[in-house]
**Student:** 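Sharing a structure with you now.
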Amino acid sequence: SVKKVLVFIESLDGGGAEAILKNIVRVIDKSKFDITVVTETDGEIYTDEVKSQVCHRSFVKKSNSAVRQMFNKAVIKYSLLASEKAVRNNLIRGKYDVEIAFCEGYATKVIGNSGRENCKKIAWVHTDVINNPWSEEIFGGAENERKCYEKFDAVVCVSETMRDSFVKKYGMAEKVHVVYNVIDDSE
């Protein structure tokens with residue numbers, strides 16, 4: 001049967017993780033996976049390419065309308081102030097077999113703390129959490145970040161070095177895996 005998969009990433013506006021996600025959705029077997037990518041905003045660098053491959057939804061739609069821009073600011077402010085459960089239920093929505101937080105930080109915090117139980121949760125880590133611990137601030141410290149990662153069924157790191165750092169910092173070796181980035185040689 002086809003697995004319904006949610007991939008949540010803040011942005012598709014360039015950057016390494018965003019380019020990798022664009023490549024993954026292009027090559028993944030769509031007869032096995034029904035993928036929905038959710039971002040905060042649409043109209044970014046990779047949005048059209050992702051939309052051409054899978055379902056894409058965003059919290060807000062870019063617009064030149066002043067009223068729409070005010071609405072967008074309110075929605076983004078809500079997304080940052082509301083509980084992770086509220087963000088998951090009201091802005092991401094839907095039922096999925098697998099929920100993937102495709103970047104450390106905000107996406108991981110929302111998916112990990114969403115309260116959803118009837119799905120597999122995967123956190124994708126694109127950085128060395130010891131040498132570049134930027135995401136700790138989003139969680140209010142390393143201990144809160146570790147507690148969130150414990151709620152995931154699997155943690156995917158994009159290299160052995162990143163896996164080693166993650167395991168050294170947070171443990172959980174049995175559920176931390178390496179999946180190398182999908183690179184398009186033609187690019």
**Student:** Tell me whether V167 is reachable from V156 by hopping between hydrophobic residues (I, L, V, M, F, W, Y) whose side-chain heavy atoms are closer than 4.5 Å.
**Tutor:**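 No; tracing contacts between hydrophobic side chains, which count when under 4.5 Å, never links both residues.
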**Student:** Here's a test for you: under salt bridge (Lys or Arg N to Asp or Glu O under 4.0 Å), which of K3, K151, R88 qualifies with E99?
**Tutor:**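 Single salt bridge (Lys or Arg N to Asp or Glu O under 4.0 Å) partner of E99 among K3, K151, R88: R88.
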**Student:** Apply the side-chain contact (heavy atoms from CB on, under 4.5 Å) test between V50 and each candidate in T39, D42, V7, V25; give the one that qualifies.
**Tutor:**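 Going through the options one by one, the only one that passes is V25.
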**Student:** Could you tell me whether the side chain of L6 reaches within less than 4.5 Å of the side chain of V38, counting heavy atoms only?
**Tutor:**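 They are in side-chain contact.
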**Student:** CD1/I92 to OG/S58 distance, rounded to the nearest 0.5 angstrom?
**Tutor:**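 Separation between the atoms: 12.0 Å.
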**Student:** In Å, rounded to the nearest 0.5 Å, how long is the span from CD1 of I76 to CD of E10?
**Tutor:**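 Result: 9.5 Å between the selected atoms.
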**Student:** Hey, mind stepping through S114 and K121 against side-chain contact (heavy atoms from CB on, under 4.5 Å) and telling me if it holds?
**Tutor:** CA-CA 10 Å; S114 68; K121 290 183 188 167; 3.6 Å; yes
**Student:** Where is the tightest heavy-atom contact between Q69 and N64, given as atom of each residue plus distance?
**Tutor:**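 In terms of heavy atoms, the two residues are closest at NE2-CA, 3.7 Å.
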**Student:** Is atom NZ of K61 surrounded by more than 12 heavy atoms (other residues, nucleotides or ligands) closer than 6.0 Å?
**Tutor:**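 Above 12, so yes.
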**Student:** Heavy atoms, side chains only, cut-off 4.5 Å: are L91 and Y78 in contact?
**Tutor:**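 L91 vs Y78: side chains touch.
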**Student:** Using ring pair (Phe, Tyr, Trp, His ring centres under 6.0 Å) as the criterion, point out the one residue from Y149, F152, W124 that pairs with F166.
**Tutor:**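 In the set Y149, F152, W124, the residue that makes a ring pair (Phe, Tyr, Trp, His ring centres under 6.0 Å) with F166 is Y149.
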**Student:** Any side-chain to backbone donor/acceptor pair from R163 onto V176? Under 3.5 Å, distance only.
**Tutor:**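 It does hold such a pair.
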**Student:** Kindly write out the residues that satisfy side chain to side chain donor-acceptor pair (under 3.5 Å) with E18, not counting sequence neighbours, or none if the list is empty.
**Tutor:**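 Scan of E18 (side chain to side chain donor-acceptor pair (under 3.5 Å), adjacent residues dropped) gives none.
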**Student:** Should we say atom CD of E117 is surrounded by more than 12 heavy atoms from elsewhere, each under 6.0 Å from it?
**Tutor:**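 Not more than 12 within 6.0 Å, no.
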**Student:** Hey, could you give me the CG/CD1 distance between N132 and I130, rounded to the nearest 0.5 Å?
**Tutor:**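 Atom-to-atom, N132:CG and I130:CD1 are 11.5 Å apart.
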**Student:** What distance separates S79 OG from N90 CG, expressed to the nearest 0.5 Å?
**Tutor:**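 Taking OG in S79 and CG in N90, the distance rounds to 11.5 Å.
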**Student:** Can you hop from V179 to V37 via hydrophobic side chains spaced under 4.5 Å?
**Tutor:**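 In one cluster: yes.
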**Student:** Kindly determine whether Y170 and E145 satisfy side-chain contact (heavy atoms from CB on, under 4.5 Å), including the steps that lead there.
**Tutor:** CA-CA 9 Å; Y170 291 129; E145 188 171 35; 2.6 Å; yes
**Student:** Among all residues two or more places apart in sequence or in another chain, which pass the side chain to side chain donor-acceptor pair (under 3.5 Å) test with Q53?
**Tutor:**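 Q53: side chain to side chain donor-acceptor pair (under 3.5 Å) contacts with K30.
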**Student:** Decide side-chain contact (heavy atoms from CB on, under 4.5 Å) for T36 and H56; before the verdict, give the C-alpha distance in whole Å, the side-chain angles of both, and the deciding distance to 0.1 Å.
**Tutor:** CA-CA 6 Å; T36 299; H56 172 265; over 6 Å; no
**Student:** Got a salt bridge between E104 and K109, using NZ or NE/NH1/NH2 to carboxylate O under 4.0 Å?
**Tutor:**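 Salt bridge absent between E104 and K109.
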**Student:** Shortest non-hydrogen contact from D128 to M162?
**Tutor:**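 Result for this residue pair: N-CG, 4.0 Å.
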**Student:** For a quick check under 3.5 Å, do N72 and R68 share a side-chain donor-acceptor pair by atom type?
**Tutor:**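 Side-chain D/A pair, N72 to R68: present.
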**Student:** Might you point out which heavy atoms bring A82 and A86 nearest each other, and give the distance in Å?
**Tutor:**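 Looks like CB-CB, 4.0 Å.
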**Student:** Indicate if Y46 and L21 have the same hydrophobic cluster label, given that clusters are the connected sets of ILVMFWY residues with side-chain heavy-atom separations under 4.5 angstrom.
**Tutor:**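 Yes, same cluster.
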**Student:** Measuring from K32:NZ to S1:OG, what's the distance to the nearest 0.5 Å?
**Tutor:**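 Spacing of NZ (K32) from OG (S1) equals 12.0 Å.
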**Student:** Got more than 12 heavy atoms from elsewhere within 6.0 Å of CG, N118?
**Tutor:**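 12 or below, so no.
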**Student:** Does a side-chain heavy-atom distance below 4.5 Å link R116 with N89?
**Tutor:**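 Yes, side chains in contact.
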**Student:** Between K95 and K4, is the side-chain contact (heavy atoms from CB on, under 4.5 Å) condition met? List the steps.
**Tutor:** CA-CA 8 Å; K95 288 190 179 201; K4 285 183 57 84; 5.6 Å; no
**Student:** Could you tell me whether K62 and E44 have a side-chain N and a carboxylate O separated by less than 4.0 Å?
**Tutor:**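 No, K62 and E44 are not salt-bridged.
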**Student:** Going hydrophobic residue to hydrophobic residue with side-chain gaps under 4.5 angstrom, can you get from F102 over to I45?
**Tutor:**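 Yes, F102 and I45 fall within the same hydrophobic cluster.
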**Student:** Taking all heavy atoms of C148 and all of G112, pick out the closest pair and write down the distance.
**Tutor:**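 Closest approach of C148 to G112, heavy atoms only: SG-CA, 3.7 Å.
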**Student:** Who passes ring pair (Phe, Tyr, Trp, His ring centres under 6.0 Å) against F59, sequence neighbours left out?
**Tutor:**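 F59 satisfies ring pair (Phe, Tyr, Trp, His ring centres under 6.0 Å) with F8 only.
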**Student:** How long is the span from the NZ atom in K22 to the OG1 atom in T47, to the nearest 0.5 Å?
**Tutor:**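 One gets 12.0 Å once the value is rounded to the nearest 0.5 Å.
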**Student:** For residues V178 and V158, report the shortest heavy-atom separation together with the two atoms involved.
**Tutor:**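 It is CG1-C, 4.4 Å.
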**Student:** If you group Ile, Leu, Val, Met, Phe, Trp and Tyr by side-chain heavy-atom gaps below 4.5 Å, do V5 and I9 land in one group?
**Tutor:**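 In one cluster with V5: I9, yes.
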**Student:** Looking at P133 and K169, what are the two nearest heavy atoms and their distance?
**Tutor:**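 Distance-wise, the nearest heavy atoms are CB-NZ, 3.7 Å.
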